[in-house]
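These notes are about the structure you will find just below.
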Amino acid sequence: ICNYRDYSYDVEKDGYTEAEAVDGLLLAVKGNPILRDDVFDRWDLYDLSMSCEMRNAGKKVVVPVQKMPWCLHDDGGVLSMLSYNKYRKRAMRMYGRPPKTIVMTGGYVTLDDFAYALAEGSDAVIVNTREPESTLGPILDDINEDTTVITFNNLGAGFALWKQRNVQFFNILVDHPAHYLEAVSSDYYPGYHALCIDRGHVEFLRSVFKNVPSAFSFMPHGGTDINGMNRDKDIDILYAGGYKNDEEINFAPLPFLDSEEFYDFAISYYDRENYIEAQYVVQEYCQQTGNDYSVEQKAIMTNYIARSVEYYFEAERRKGIIEYLAQRGFSVCLCGNEPWRDIAERYPGNVSYEGMLSPRECIEYISRTKVLINDLPYFAEGAHERVFNGMLNGAVVLSNPSRYLEERFTDKDSILYWDGRDYETVAAKIRQVLDDDGYRISIIQKARSLVENDTWQDRLRSILDL
C-alpha cells in the first residue's frame with residue numbers, strides 16, 4: 001500500500017484544473033454522460049473513452065480542488081490487466097494515433113482479392129510482397145509492437161522485420177494447415193497467430209505444436225457484399241469453382257508405411273462418412289492398425305490425404321451434381337477451371353461455361369443467381385467465403401454441411417443442405433426453390449439477416465480486437 005502521508009495536492013487555489021481524462025473511481029457529469037459501451041464494454045479505459053467523448057462534444061473535463069480529499073483509491077491488489085491491451089488498442093484507434101495495420105498482397109489473385117476486401121474502408125496499409133521497397137519502405141519507422149500485420153497462407157511471413165519488432169502477425173490459412181507446417185514452424189515467434197478456417201484445423205495445429213496452443217485460433221472467411229439482394233436473378237443455378245481432373249490427382253507413396261493399404265483405408269472412410277477431416281482419418285488408421293507413428297509422420301499422412309483422397313472425392317462430387325442436374329433439364333452456369341468446359345460441351349443447352357473469372361467477377365455472377373452450389377471442401381467444423389458471398393448477395397446457398405454451418409443455418413429455412421450422395425433429394429430441393437419465388441425469397445431474407453456481421457470488414461475488426 002502506498003505511503004499516503006507522502007501524497008501531495010494543490011489545495012491553495014479555488015476552482016478546478018482541466019484534464020485530458022479522469023479516472024473512473026469517482027465521476028460526476030453535468031447533463032447526460034456520453035458512454036461508448038458498444039466499444040468499451042468492460043471497465044478497462046471506459047473512463048478515458050468517456051472523457052474523450054465529453055471533450056469532443058464541447059464539454060470540459062476537470063478535477064476540482066479538494067481541500068480535504070473526497071475519496072481514496074485503493075484497488076486492494078485485485079486489479080486485472082488481462083484485457084487492458086485489447087482496450088488500449090481500441091482507445092488508440094479511436095482517440096489517439098492508431099497503431100499501424102498492414103495487409104499483405106502479392107500472392108495469387110484470389111488471396112489478393114481477399115486481402116483487398118479485408119482492408120476496404122479501413123486505414124490499413126497494403127504492402128505488396130513483390131514490391132516491398134516501395135510499399136513497405138515508407139512506413140518502416142511506424143512499425144512497432146503495436147503494429148498488426150495480416151496475410152493469407154504465409155505470404156510475407158518470413159520477413160525478419162516482424163520478429164525484430166515483435167509485431168502482431170496474423171496468418172489466415174485458407175486450406176488445411178498440414179500444407180503449411182514447415183512454414184508455420186519456421187515463422188513462429190510470440191507475436192505470430194495462425195487463423196484457421198475450421199475448428200478441427202486449430203486442434204490439429206495444437207496437437208503438432210503443443211507448446212504454443214494460444215497461437216492458433218478459428219476464424220471462418222468473410223464475404224463481400226456488393227448489394228446483390230435486389231438484383232435481377234437471371235441465372236438459375238451457379239457453380240463457381242474448380243476441380244482437379246484425374247491426371248492432376250497424385251496418390252504419392254509414403255516411405256514409412258504400406259501406401260496402398262493406407263489409401264484404401266482413407267478412401268473407404270471418405271466413402272461412408274459425412275463429417276470428415278484428414279487428421280481424424282489418420283487417427284482412426286493408427287488406432288485400427290496399432291501403429292505408433294510420430295507427430296511428424298502423422299502430419300505428413302494428413303497432408304498426403306488432403307492432397308489426394310480429398311481432391312478425388314471433391315472432383316467426383318462436383319462433377320456428379322452438375323451432370324445429374326443437367327440430365328434432368330436444369331440450367332446450370334459454370335465458372336472455373338478448364339475441365340468444366342468438357343462438361344458444358346456434353347450438355348449443350350443445359351450447361352454454360354463462362355471460363356476462369358476473377359473473384360470479383362464471380363461475386364457479380366453470384367449476385368445474379370437464384371441457387372448457388374457451394375461444395376465445401378472437407379471442413380467438418382468450418383466454412384469458407386462462398387457461403388457468405390451467396391447469402392450476402394441474395395442467392396440461396398446449397399452446400400454440403402459442416403457442424404459449424406449447422407449451428408448457424410437451418411436446412412430449407414436459411415440454407416439448403418446436401419449430403420454429397422443423394423442427388424434425387426437435392427434436385428427436388430432446388431426445383432422447389434426455382435418454382436416458388438416466395439419460398440426462395442424467404443430463404444434469402446432469413447440467410448441475409450444471419451450474416452450481416454460476416455463480411456471481410458467484420459473479420460478485420462475481430463482480428464484487431466484479439
Side-chain angles (χ1 to χ4, degrees), residues 38-39 41 86 89-90 93-94 98-127 146-157 167-177 180 191-202 205 214-228 359-360 362-363 366 374 376-377 379 381-393 397 399 402 404-405 407-409 447-466:
D38 57 325
V39 179
D41 51 1
K86 169 182 174 179
K89 290 183 177 180
R90 288 187 181 185
R93 288 197 294 272
M94 291 187 67
K100 189 71 69 180
T101 300
I102 297 171
V103 177
M104 309 295 290
T105 64
Y108 61 86
V109 63
T110 300
L111 297 188
D112 280 0
D113 190 77
F114 290 170
Y116 286 116
L118 190 79
E120 186 176 355
S122 75
D123 59 358
V125 177
I126 299 293
V127 169
D146 286 327
T147 301
T148 298
V149 178
I150 305 172
T151 194
F152 291 86
N153 282 6
N154 299 287
L155 187 66
V167 306
Q168 295 301 301
F169 188 92
F170 291 89
N171 184 18
I172 303 172
L173 301 178
V174 303
D175 303 300
H176 198 293
Y180 311 108
Y192 177 97
H193 311 270
L195 302 179
C196 299
I197 195 173
D198 184 285
R199 293 178 296 211
H201 296 174
V202 176
L205 284 173
S214 62
F216 312 115
S217 304
F218 168 61
M219 189 191 79
H221 288 172
T224 300
D225 184 358
I226 61 169
N227 299 315
R360 181 69 184 203
C362 284
I363 298 174
I366 289 171
N374 172 66
L376 190 69
F379 303 149
E381 299 283 349
H384 60 190
E385 79 289 342
R386 200 169 293 116
V387 174
F388 304 114
N389 283 338
M391 292 180 175
L392 287 166
N393 292 289
V397 174
S399 179
S402 75
Y404 168 76
L405 289 179
E407 289 169 10
R408 297 198 54 189
F409 309 109
R448 182 66 172 79
S449 71
L450 296 174
V451 295
E452 290 180 344
N453 297 317
D454 284 292
T455 67
W456 279 115
Q457 291 79 28
D458 293 308
R459 301 296 185 249
L460 176 62
R461 284 188 282 271
S462 69
I463 291 171
L464 294 178
D465 274 344
L466 288 176

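Counting heavy atoms from C-beta on, the side chains of His201 and Phe379 come closer than 4.5 Å. With a 4.5 Å cut-off on side-chain heavy atoms, Thr147 and Pro99 do not count as touching. Considering only heavy atoms from C-beta on, Cys196 comes within 4.5 Å of Leu205 through its side chain. For the pair Thr224 and Glu385, the minimum side-chain heavy-atom distance is 4.5 Å or more. You'll find the side chain of Val149 stays beyond 4.5 Å of the side chain of Phe170, heavy atoms only. With contacts defined as side-chain heavy-atom distances shorter than 4.5 Å, the pair Asn393/Ile363 qualifies.
Trp456 places a side-chain N or O within 3.5 Å of a backbone atom of Gly222 that can act as its donor or acceptor partner. Remark: the backbone N or O of Val174 is paired with a side-chain donor or acceptor of Asn153 at under 3.5 angstrom. Checked by atom type and distance alone, the side chain of Thr455 never pairs as donor or acceptor with a backbone atom of Gly223 at under 3.5 Å. Side-chain atoms of Arg360 do not come within 3.5 Å of backbone N or O of Asp113 as any donor-acceptor pair. Side chain of Asn154 to main chain of Ile172: no donor-acceptor pair is present (N/O by atom type, distance under 3.5 Å, no hydrogens or angles). Although no hydrogens or angles enter the test, the distance criterion places no donor-acceptor pair under 3.5 Å between the side chain of Glu120 and the main chain of Gln457. Side-chain atoms of Arg386 never come within 3.5 Å of backbone atoms of Val397 as a donor-acceptor pair (strictly under, hydrogens ignored).
Met219 and Ser462 make their closest contact through SD-OG, 4.0 Å (heavy atoms, listed as atom of the first residue, atom of the second, distance). Closest approach of Glu381 and Ser402 over heavy atoms only: N-CB, 4.3 Å. For the residue pair Leu173 and Ala194, the shortest heavy atom distance occurs at CD1-CB, 4.4 Å. Among all heavy-atom pairs drawn from Gly156 and Met104, the shortest one is CA-CE, 4.1 Å. Ala124 approaches Ala119 most closely through the heavy-atom pair CB-CB, 4.1 Å.
Shown here are the salt bridge (Lys or Arg N to Asp or Glu O under 4.0 Å) partners of Arg461, two or more places apart in sequence or in another chain: Asp458. Residues forming a salt bridge (Lys or Arg N to Asp or Glu O under 4.0 Å) with Asp38 (at least two apart in sequence, or on another chain): Arg36. Looking at residues two or more places apart in sequence or on another chain, you find a side chain to side chain donor-acceptor pair (under 3.5 Å) between His176 and Gln279. Residues forming a side chain to side chain donor-acceptor pair (under 3.5 Å) with Asn374 (at least two apart in sequence, or on another chain): His384, Ser399. Legend: residues meeting side-chain contact (heavy atoms from CB on, under 4.5 Å) with Tyr116, ordered by chain and number and at least two apart, are Thr105, Asp112, Ile126.
Under a 4.0 Å N-O distance rule, the pair Glu407/Arg199 qualifies as a salt bridge. The pair Lys100-Asp146 does not count as a salt bridge, with every side-chain nitrogen at least 4.0 angstrom from each carboxylate oxygen.
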Legend entry - Full working for side-chain contact (heavy atoms from CB on, under 4.5 Å) between Ile150 and Leu460: CA-CA 9 Å; Ile150 305 172; Leu460 176 62; 3.4 Å; yes
Inset, instruction - Starting from the C-alpha separation in whole Å, work towards a yes-or-no answer on side-chain contact (heavy atoms from CB on, under 4.5 Å) for Asp454 and Leu392. - result: CA-CA 9 Å; Asp454 284 292; Leu392 287 166; 5.5 Å; no
Inset, instruction - Show your working on side-chain contact (heavy atoms from CB on, under 4.5 Å) between Val387 and Leu405 and close with a plain yes or no. - result: CA-CA 9 Å; Val387 174; Leu405 289 179; 4.1 Å; yes
Legend entry - Intermediate values then yes/no, side-chain contact (heavy atoms from CB on, under 4.5 Å), Arg459 and Phe388: CA-CA 12 Å; Arg459 301 296 185 249; Phe388 304 114; 3.9 Å; yes
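One distance of note links OG1 of Thr148 with CZ of Phe169; it measures 11.5 Å at 0.5 Å rounding. Here OG of Ser122 is found 8.0 Å from CG of Leu464. Values are rounded to the nearest 0.5 Å.
In this model, no donor atom of one side chain and acceptor atom of the other lie less than 3.5 Å apart for Asn171 and Tyr180.
Applying the salt bridge (charged side-chain N to carboxylate O under 4.0 Å, His left out) test to residues at least two apart or on different chains, the pairs with a partner in residues 214-226 are Asp225-Arg448.
A distance below 6.0 Å separates the ring centres of Phe218 and Tyr404.
Ring pair His221/Phe152 is perpendicular by interplanar angle, where above 60° counts as perpendicular and below 30° as parallel.
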